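Chain letters run A, B, ... following the sequence lines, proteins first and then strands; every chain starts at 1. Please read all numbers here as calculations on a predicted model, not as lab measurements.
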Amino acid sequence: MHIPDGMLPGEICIAGYAGTAALTWLCVKKAQNTYKEPAKLVSRASVMAAAFFVVSWIHIPLPPVSVHPILAGLMGILLGWISFPAILVGLFFQAAMFGHGGFTTLGVNALSMGGASLVSWAVYRLLRRKPGEKAILIAGFVAGFTGVSVAVIFTGSVLILTIPSYIDTGIEISGILAMAVAHIPVALGEGVFTGLIARFLLKVKPDMLV
Amino acid sequence: MSSEYSPATVLENWDTSLKIPALFILMMSMAFIRETTLLPVLPVIASVLFILSGLPFSLLLSRFRAPAYILLFVSVFLMLFSGDEVLVRTGPVTLKLQGTIIALTTWLRVLSVITVGMVMIHTTPLTGLSEKLKKVRIPRILIDIGIMTGRYIMVIGEDYNQMKTARKLRGYVPGKSLTRRFRVIIPTAATLLIKGFQQSEMVFNAMCMRGYGNSIPENEILSEKHSKIDIVLFFAITAVSVFLVILEVIVETP
């Protein structure tokens, strides 16, 4: 899911950084309006960034590759706007500590996973309008599923469409679809996980849900 | 980040606020290179930096493990589908010449950029890193989140182990059934998050009360002097990066 260093052309890396800088600025501004105390904003984002980093140690074998949870959906529903900068920091740690992703591709990876968390949050808010446990379970599931799906489609598209090659469009689209299909079990698993966590938090500490 | 070697190498002594931008520009310029005639230069530059860093080879190998999967996926895809000219045909599998060349060049570039990235991160001391990052204009909020995240990676790990032990002592084990596993994992994960949120606010407030964020005034940071070697290294690496991009443009232009 993480695009490593050197894989993408320089122009795409710069564009990724530009997009990430703009989105980070926007998200921080929006989050500062939500959280009046900076301590709350920083501490929440840090805990989730650490969780985002830690889950990448969990590898689920899915032959011929292995996958790991992303938590984009959960980050979205717990952090809202600040999920994007939190994912950016989490990705930096992953790149620095064990070479997951990269430094030149940090912007593109942040757009993929951070963008996915924002989309998941939007979907969650849309579905959460109805009160009750069942509604939050469904909203959480859809958010978790959306998080993985958006990230996979974005990463697959960037990889296949931007690497210089002589491939016809049909095969390129098939490649992206194949990548998306391979991640369906992960998306379903993360959907169930996010939904159940959201339901648990609704019962125990509802103020944690944004 | 930061391992202590004795004596410290040139790269370890190089000021972080100049090293990070210079090596980052080099990595970016390497990402621009597509011309096959220029590509062999990249591993040479990366190797020189790696030797200068004095880092162990095993560390370099460990860094290649994570990107290997995605690199293999892309390589196979390119070798099978990119181009028309056939390189090898064995049964139903046909390897394409253009795809194989692109895959090989991608490998060269990826390995070179990863090596430079590894050198950048493993020769950078953690001490005073936040101040240095401020100096290279990284937003304060991202640095704060970064510092707290670094601390929380350890805390979450410790909390998880404690909870796992407590869970086992109460006879609450995940078992083999998926439903049972979810029943154990969900409350554990959610409790870990709740605990983390509550603790982190207290920790951040405590850090601020001890003067975190007010340590060095900005004008003092900016007035810090660099040594001659720091500046020479910065300009040398930046010049190599600019030269690489210029060469790429010249070679690429028909």
When rounded to the nearest 0.5 angstrom, what distance separates [atom1] in [X] from [atom2] in [Y]?
X        : Y        : atom1 : atom2 : value
A/Cys13  : B/Met27  : SG    : CE    : 9.5 Å
B/Ile153 : A/Phe93  : CD1   : CZ    : 5.0 Å
B/Leu111 : A/Asp5   : CG    : CG    : 11.0 Å
A/Met7   : B/Thr106 : CE    : OG1   : 7.0 Å
B/Ile114 : A/Thr104 : CD1   : OG1   : 9.0 Å

Minimum side-chain heavy-atom gap [X]-[Y] below 4.5 Å:
X        : Y        : answer
B/Ile141 : A/Pro85  : no
B/Ile186 : A/Ile197 : yes
B/Leu193 : A/Phe200 : no
B/Met28  : A/Phe103 : no
A/Arg44  : B/Met148 : no
B/Ile121 : A/Met97  : no

Heavy-atom distances under 4.5 Å only: say whether [X] touches chain B with side chain, backbone, both or neither.
X        : result
A/Thr24  : side chain
A/Leu159 : side chain
A/Phe193 : both
A/Leu8   : backbone
A/Ala198 : neither
A/Val89  : side chain
A/Leu201 : side chain

Using a 4.5 angstrom heavy-atom cutoff, name the option from [options] with the most pairs to chain A.
options                      : value
B/Met118, B/Gln199, B/Arg63  : B/Arg63
B/Gly117, B/Gly157, B/Ser112 : B/Gly117
B/Tyr160, B/Phe197, B/Tyr152 : B/Phe197

Measure [X] against the heavy atoms of chain A and call it side chain, backbone, both or neither at under 4.5 Å.
X        : value
B/Leu142 : both
B/Met154 : neither
B/Pro187 : both
B/Glu248 : neither
B/Leu108 : neither

Closest heavy-atom contact between [X] and [Y]?
X        : Y       : answer
B/Pro67  : A/Gly99 : CD-O, 4.0 Å
B/Ile145 : A/Ala45 : CD1-CB, 3.8 Å
B/Val113 : A/Gly6  : CG2-CA, 3.9 Å
B/Gly196 : A/Val47 : O-CG2, 3.3 Å

Review point. Are the aromatic rings of A/Tyr17 and B/Phe24 close, with centres under 6.0 Å apart?
Key: yes

Check your understanding: Taking A/Glu11, A/His2, A/Lys205 one by one, which has the highest count of heavy-atom pairs under 4.5 Å against chain B?
Key ->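 The option with the most such pairs is A/Glu11.
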
Revision key, fill the gap. Assert top hit (heavy-atom pairs under 4.5 Å, partner chain B, pool A/Gly102, A/Pro4, A/Gly10, A/Ala49) equals A/Gly10

